[in-house]
Amino acid sequence: MLPFYDDFFALLNEVSELLENEKTGAAGYRPVSSDGKAGGLLDFHDDELPLIVVPDFHARPYFLQNILDYQIWDNTTIYQAISEGKLRFLSVGDILHTERGTRERWMAAEAEVDNEIYTGPAMSAEMQEGLSLWCALMELKKAFPENVHILKGNHENILNETDGGDFAFRKFVDEGEMCRCFVQEYYGDDILYLMNCVEKSLPLYFWGKRCSVSHAEPIRVFTKQELIDARLYSGVVKGLIWTNNGEAAEGSAAGTVKNLFSKTEKVPEGYVSLGGHRPVTGNYKILQNGDYIQIHNPGKQNIVFINAEHSFNPEADIIEVKK
């Protein structure tokens, strides 16, 4: 079922306000940007809580349900652990746009749109999956704001803009524009505007005790201030969400991490950077001499478990939650 307008509107309003004012004070985890708003960096580098990192969702609400139901410890599901403040949850973004096993539906939706039917059966089925996931993630963020975090990916672009580091998206068909037209036709400009407000307020980089996370491989070495001010610079946004394989500068991941830790702080041994965006064929792909690891396999339902007490081991700490 597609979200009801009133519920959707209220949720978007609440989450947009939450994100825009999220923990920017001295004791906060989102250092304030130069424009006075919550910055693009999530700072949890002193955090002792374990963390799960979720690669690209791409309109798979069942993936989220399987994550929340998964028993991370004996008799404790991930949802219970989050709700009890014992675990942090981090999504690398890319909430909308199915990308596996739905080519025929996308083609049917394109045929509908070619006939100026923007909310036809095929497109409605696609958006039901995408928006139900979208709302579920936002409800989690609203309920547990300090323990649930969502990074902006290149698919968080409901207006299908080419601006500010975003680029209009198409893969099988003209998915980005078709989704924009659906939301505008079905819900109207208010919902379209509020979805864009939420997307623009999402952070872009997570700095943790044992790992850092961005949607895509950092295109170059970034400074801490650039990450905080990311939204003010289109090149920083693009360089964290759109990087192609082989496009990143050598040492971009490790160099960025080094810039985050002060001169008196030592980067922990075994520290890695993680990201999704580009698909892998197994459970992971190691890049940059082990400093950056891709974790997005669209054919699996994998999550990464990060324990603050020891270094990440991709062979042991990548878990498939599929039932």
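In this structure, NE2 in His97 is found 11.5 Å from CZ in Phe172, a value given to the nearest 0.5 Å. For the atom pair NZ of Lys224 and OG of Ser262, the computed distance is 8.0 Å after rounding to the nearest 0.5 Å. In this structure, CZ in Phe89 is found 8.0 Å from CD1 in Ile78, a value given to the nearest 0.5 Å. The distance from the CD atom of Glu217 to the CG atom of Leu240 is 11.0 Å, given to the nearest 0.5 Å. For the atom pair CG (Leu51) and CZ (Phe312), the distance works out to 11.0 Å, reported to the nearest 0.5 Å. Between the CD atom of Glu110 and the CE atom of Met178 there is a distance of 6.0 Å, given to the nearest 0.5 Å.
Using modelled atom types, one finds a donor on one side chain and an acceptor on the other under 3.5 Å when comparing Asp69 with Gln65. Defined by atom type and a distance below 3.5 Å, a donor-acceptor pair is missing between the side-chain atoms of Asn259 and Glu226. With no hydrogens or angles considered, a side-chain donor-acceptor pair links Gln288 and Ser252 at under 3.5 Å. Side chain to side chain, Asn283 and Asn302 meet the donor-acceptor criterion of an N or O pair below 3.5 Å.
In this structure, Asp94 contributes its side chain and Asn154 its backbone to a donor-acceptor pair below 3.5 Å. Judged by distance alone, with hydrogens and angles left aside, the side-chain atoms of Asp229 form a donor-acceptor pair with the main-chain N or O of Ser34 at under 3.5 Å. In this structure, Glu175 contributes its side chain and Val173 its backbone to a donor-acceptor pair below 3.5 Å. A donor-acceptor pair is defined here as one N or O able to donate and one able to accept, closer than 3.5 Å; such a pair exists between the side chain of Ser311 and the backbone of Glu269. Under a 3.5 Å cut-off, the side chain of Arg220 and the backbone N or O of Val236 do not form any donor-acceptor pair. Of the possible polar contacts, one joining the Glu156 side chain to the Gly153 backbone as a donor-acceptor pair under 3.5 Å is found. The closest donor-acceptor contact from the side chain of Ser83 to the backbone of Gln80 lies under 3.5 Å. Side-chain atoms of Glu199 come within 3.5 Å of backbone atoms of Asn157 as a donor-acceptor pair (strictly under, hydrogens ignored). Within the 3.5 Å criterion, the main-chain N or O of Ala168 finds a donor-acceptor partner in the side chain of Thr162. Between the side chain of Asp35 and the main chain of Lys37, a donor-acceptor pair closer than 3.5 Å is present.
Leu137 places a side-chain heavy atom less than 4.5 Å from the side chain of Phe57. Two residues are said to be in side-chain contact when any heavy atoms from C-beta on lie closer than 4.5 Å; Asp189 and Gln184 meet this criterion. Within the 4.5 Å cutoff, the side chain of Ser212 has heavy atoms near those of the Leu260 side chain. Looking at Leu12 and Trp134, their side chains come closer than 4.5 Å, going by heavy atoms from C-beta outward. Proximity of Asp190 to Tyr5: side-chain heavy atoms (C-beta onward) are separated by under 4.5 Å at one or more points. Two residues are said to be in side-chain contact when any heavy atoms from C-beta on lie closer than 4.5 Å; Leu274 and Ile306 meet this criterion. Contact annotation: the side chain of Phe44 never approaches that of Leu90 to less than 4.5 Å [non-hydrogen atoms, C-beta and beyond]. Using a 4.5 Å heavy-atom threshold, the side chains of Trp73 and Lys86 count as touching.
Residue Gln71 qualifies as enclosed at atom CD: its count of foreign heavy atoms under 6.0 Å is above 12. In this structure, Lys300 places its NZ atom where more than 12 heavy-atom neighbours from other residues, nucleotides or ligands lie under 6.0 Å away. Counting non-hydrogen atoms of other residues, nucleotides and ligands closer than 6.0 Å to CD of Glu161 gives a total above 12. Atom OH of Tyr233 has 12 or fewer heavy atoms from other residues, nucleotides or ligands within 6.0 Å.
Ile117 and Leu2 end up in different hydrophobic clusters when Ile, Leu, Val, Met, Phe, Trp and Tyr side chains are linked at under 4.5 Å. Hydrophobic clustering, with ILVMFWY side chains joined whenever heavy atoms are under 4.5 angstrom apart, groups Ile67 together with Ile150. Leu232 and Leu41 fall within a single hydrophobic cluster, where Ile, Leu, Val, Met, Phe, Trp and Tyr are joined by side-chain heavy atoms under 4.5 Å apart, directly or via other members. No chain of hydrophobic side-chain contacts below 4.5 Å, direct or via other Ile, Leu, Val, Met, Phe, Trp or Tyr residues, connects Leu140 to Leu151.
Taking the six-membered ring for Trp and the full ring otherwise, the centers of Phe222 and Tyr205 sit at least 6.0 Å from each other.
Ring geometry for Tyr271 against Phe261 counts as perpendicular: the plane angle is over 60°, on a 0 to 90° scale with 30° as the lower cut. Ring pair Phe167/Trp242 is perpendicular by interplanar angle, where above 60° counts as perpendicular and below 30° as parallel.
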Walk me through it: do Phe8 and Leu131 pass the test side-chain contact (heavy atoms from CB on, under 4.5 Å)? CA-CA 10 Å; Phe8 200 9; Leu131 291 180; 4.2 Å; yes
Dump the intermediate steps for side-chain contact (heavy atoms from CB on, under 4.5 Å) on Cys135 and Leu11, then the final yes or no. CA-CA 8 Å; Cys135 288; Leu11 176 63; 3.9 Å; yes
Working note: Thr77 + Tyr70, criterion side-chain contact (heavy atoms from CB on, under 4.5 Å); need CA distance, chi angles, decisive distance, verdict. CA-CA 5 Å; Thr77 65; Tyr70 185 82; over 6 Å; no
With side-chain contact (heavy atoms from CB on, under 4.5 Å) as the test, would you mind laying out the steps for Leu227 and Leu204 before giving the verdict? CA-CA 8 Å; Leu227 297 175; Leu204 287 119; over 6 Å; no
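For Glu129 and Arg105, the salt-bridge test passes: some basic side-chain N is under 4.0 Å from an acidic carboxylate O. Salt bridge present: Glu22 and Lys141 bring a charged side-chain N and a carboxylate O closer than 4.0 Å. Ion pairing between a basic and an acidic side chain is recognised when a charged N comes within 4.0 Å of a carboxylate O; Lys152 and Asp166 show such pairing.
In terms of heavy-atom proximity, Gly164 sits nearest to Arg231 at O-NH1, 4.3 Å. Listed here is the closest heavy atom pair of Ile293 and Val272: CD1-CG1, 4.4 Å. Between Ile95 and Leu133, the closest heavy-atom pair is O-CD2, 3.5 Å. Considering every non-hydrogen atom in both Asp317 and His310, the closest pair reads OD2-CE1, 4.1 Å. Taking each heavy atom of Tyr29 and His149 in turn, the nearest pair found is CE1-CE1, 3.5 Å. Nearest heavy atoms, Gly276 versus Asp56: CA-OD1, 3.4 Å.
Screening Ile318, Asn313, Ile52 against Phe305 for a side-chain contact (heavy atoms from CB on, under 4.5 Å) leaves a single residue, Ile52. Of the residues listed (Val213, Asp43, Val92), the one engaging Phe206 in a side-chain contact (heavy atoms from CB on, under 4.5 Å) is Val213, and it is the only one.
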